Amino acid sequence: MSEHASAIKDAPTPVGFVGLGVMGLGMAGCLLRKGFPLSVHNLHPERTAALCAAGAFAGTLAQVGERSRIVVLSLPDTAAVDDVLFGSAGLASTLPAGSCVIDTSTISADATRRIAKRLGDQGIAFLDAPVSGGQQGAADGTLSCMVGGDFQAFQTCAGVLAAFTSRAIYMGASGTGQVTKSCNQIAVSAALLGVAEALALATRQGVDPAQVREVLLGGAAQSFSLEKHGPRIIAGNFQPGFRATLMRKDLRLALDSGREGGVFMPVAGMAAQLLDILCNRDEGDLDWCALGGLVSELSGAANNRA
């Protein structure tokens, strides 16, 4: 490990954070609570107020780059990541060689490899480190993180990752973190659709769906979706949370990757089509578990939304 990288690992590291949305605000708060000197930037500056009151510095992208040796990104898509890094006065213009960028956004694996190469040419490490665990996990510091990129950079950034995750698993070269996140989104969308169909069937057959859920939680059907999303589907409560538009973006990335690899993906394809319906009727800002409400609606079993 280089002398500079060793210093990053052993000293209180100046950390930057860009993107203070539903997930980013919680993660940035975790870093402050863990004692990291924190500089933040957000497209809407008012989102920085609470962090500044707790001791963070808010500034331009260039200032965040100048003040930081590790920068965490939490952004909606590839275009936003590109702009933050390589746009006018972006981070790449001020981050020094030997620094690291941790991208917790969900973007394509191909874009990740391209960005890693471009930053690497400047001596800046880039880790694709998408997260899972939702808004509460971000606030509590209990997210799960799947990381691709240089292993030495992963080790260097371990303390920063530990501030907002309960586990951060190294998956391999650049892009492998994003591929793993696509696998996660496929699996959770399949689980949610199964829960939604089961609850719709119970309702249509005159069986209490809440009671059905309680029974299923005690057997092989137990899942995160049944435990956490089931009550929201039953109540029709789809306040975000993780917005449907973002889940649609994630599943589109997964489907693109699957097509390139010749993978048969009927469940992800169906979930993406249903998310298209929600987004096309201006319900994309609802939580993505509104998929369950759509299944109920199409089954004639819909509840009034909270």
Side-chain angles (χ1 to χ4, degrees), residues 19 21-26 43-44 74-80 104-108 130-138 178 181-204 209-210 212-213 223-259 263-306:
V22 168
M23 299 292 288
L25 189 61
L43 187 62
H44 302 289
S74 179
L75 300 166
D77 53 33
T78 302
T104 68
S105 319
T106 300
I107 63 175
S108 78
V131 294
S132 178
Q135 182 177 3
Q136 194 61 52
Q178 295 296 349
K181 178 60 181 289
S182 286
C183 294
N184 181 83
Q185 301 303 68
I186 293 167
V188 298
S189 62
L192 180 68
L193 286 179
V195 169
E197 289 181 20
L199 297 177
L201 176 62
T203 301
R204 289 291 287 171
V212 167
R213 173 182 168 274
S223 69
F224 179 90
S225 285
L226 187 64
E227 179 182 357
K228 301 297 184 181
H229 295 142
R232 300 189 69 181
I233 294 170
I234 292 167
N237 175 16
F238 305 128
Q239 297 304 308
F242 186 67
R243 289 181 287 131
T245 51
L246 294 177
M247 188 60 166
R248 178 174 68 166
K249 180 262 295 181
D250 290 0
L251 284 180
R252 285 177 171 178
L253 291 173
L255 288 166
D256 287 344
S257 182
R259 277 190 289 270
V263 181
F264 180 55
M265 300 169 66
V267 176
M270 175 59 71
Q273 289 179 29
L274 293 173
L275 285 163
D276 280 340
I277 293 173
L278 287 175
C279 294
N280 289 340
R281 64 186 196 183
D282 296 326
E283 296 181 338
D285 285 336
L286 296 176
D287 191 89
W288 82 278
C289 73
L291 274 183
L294 181 59
V295 170
S296 294
E297 178 185 328
L298 295 172
S299 304
N303 294 287
N304 291 327
R305 288 181 178 160

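Keep in mind that the numbers below use all heavy atoms, side chains included, and drop hydrogens, waters and symmetry copies. The structure presented is a predicted model; accordingly, all values stated were derived computationally and were not measured.
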Contacts of [X] that satisfy side-chain contact (heavy atoms from CB on, under 4.5 Å) - sequence neighbours left out:
| X | answer |
| --- | --- |
| Ala187 | none |
| Thr78 | Asp82, Ile107, Ala111, Arg114 |
| Leu25 | Leu20, Arg47, Leu51 |

| said: Could you walk me through whether Ser296 and Leu199 satisfy the side chain to side chain contact (heavy atoms under 4.5 Å, CB included) test, starting with their C-alpha distance in whole Å, then the side-chain angles of each, then the deciding distance to 0.1 Å, before giving a yes or no? | reply: CA-CA 8 Å; Ser296 294; Leu199 297 177; 5.8 Å; no
For [X] and [Y], which heavy atoms make the closest approach, and how far apart are they?
| X | Y | value |
| --- | --- | --- |
| Ile233 | Gly293 | CG2-N, 4.5 Å |
| Pro130 | Ser105 | CB-O, 3.8 Å |
| Ser225 | Ala191 | OG-CB, 3.8 Å |
| Ala254 | Met265 | O-CE, 3.5 Å |
| Leu192 | Cys289 | CD2-CA, 3.7 Å |
| Ala202 | Val212 | CB-CG2, 3.7 Å |

| field | Any side-chain heavy-atom pair of Val22 and Pro240 under 4.5 Å | value | no
| Where at least one partner belongs to residues 182-195, residue pairs that pass salt bridge (Lys or Arg N to Asp or Glu O under 4.0 Å), sequence neighbours excluded | none
| said: Under the salt bridge (Lys or Arg N to Asp or Glu O under 4.0 Å) definition, can you give me all pairs with a residue in residues 223-241, not counting sequence neighbours? | reply: Arg232-Asp287
| Arg252 side-chain N/O to Ala272 backbone N/O, donor-acceptor pair under 3.5 Å | no
| request: Walk me through it: do Ile186 and Val267 pass the test side chain to side chain contact (heavy atoms under 4.5 Å, CB included)? | output: CA-CA 8 Å; Ile186 293 167; Val267 176; 5.7 Å; no
| query | CG of Leu298 to CD1 of Ile277: how many Å apart, nearest 0.5 Å? | reply | 6.0 Å
| said: Nearest 0.5 Å, please: how far is CG in Leu253 from NZ in Lys181? | reply: 10.0 Å
| field | Verdict with supporting geometry, Leu274 and Leu193, side chain to side chain contact (heavy atoms under 4.5 Å, CB included) | value | CA-CA 10 Å; Leu274 293 173; Leu193 286 179; 3.7 Å; yes
| Met23/Thr104 under side chain to side chain contact (heavy atoms under 4.5 Å, CB included): CA gap, chis, key distance, verdict | CA-CA 9 Å; Met23 299 292 288; Thr104 68; over 6 Å; no
Atom pairs and distances, side-chain donor-acceptor, residues 241-251, under 3.5 Å, sequence neighbours left out:
{"unit_1": "Arg243", "atom_1": "NH1", "unit_2": "Thr245", "atom_2": "OG1", "d": "3.3"}
{"unit_1": "Arg243", "atom_1": "NH1", "unit_2": "Asp285", "atom_2": "OD1", "d": "3.3"}
{"unit_1": "Arg248", "atom_1": "NH1", "unit_2": "Asp276", "atom_2": "OD1", "d": "3.2"}
{"unit_1": "Lys249", "atom_1": "NZ", "unit_2": "Pro76", "atom_2": "O", "d": "3.0"}
{"unit_1": "Lys249", "atom_1": "NZ", "unit_2": "Thr106", "atom_2": "O", "d": "2.6"}
{"unit_1": "Asp250", "atom_1": "OD2", "unit_2": "Gln185", "atom_2": "NE2", "d": "2.8"}

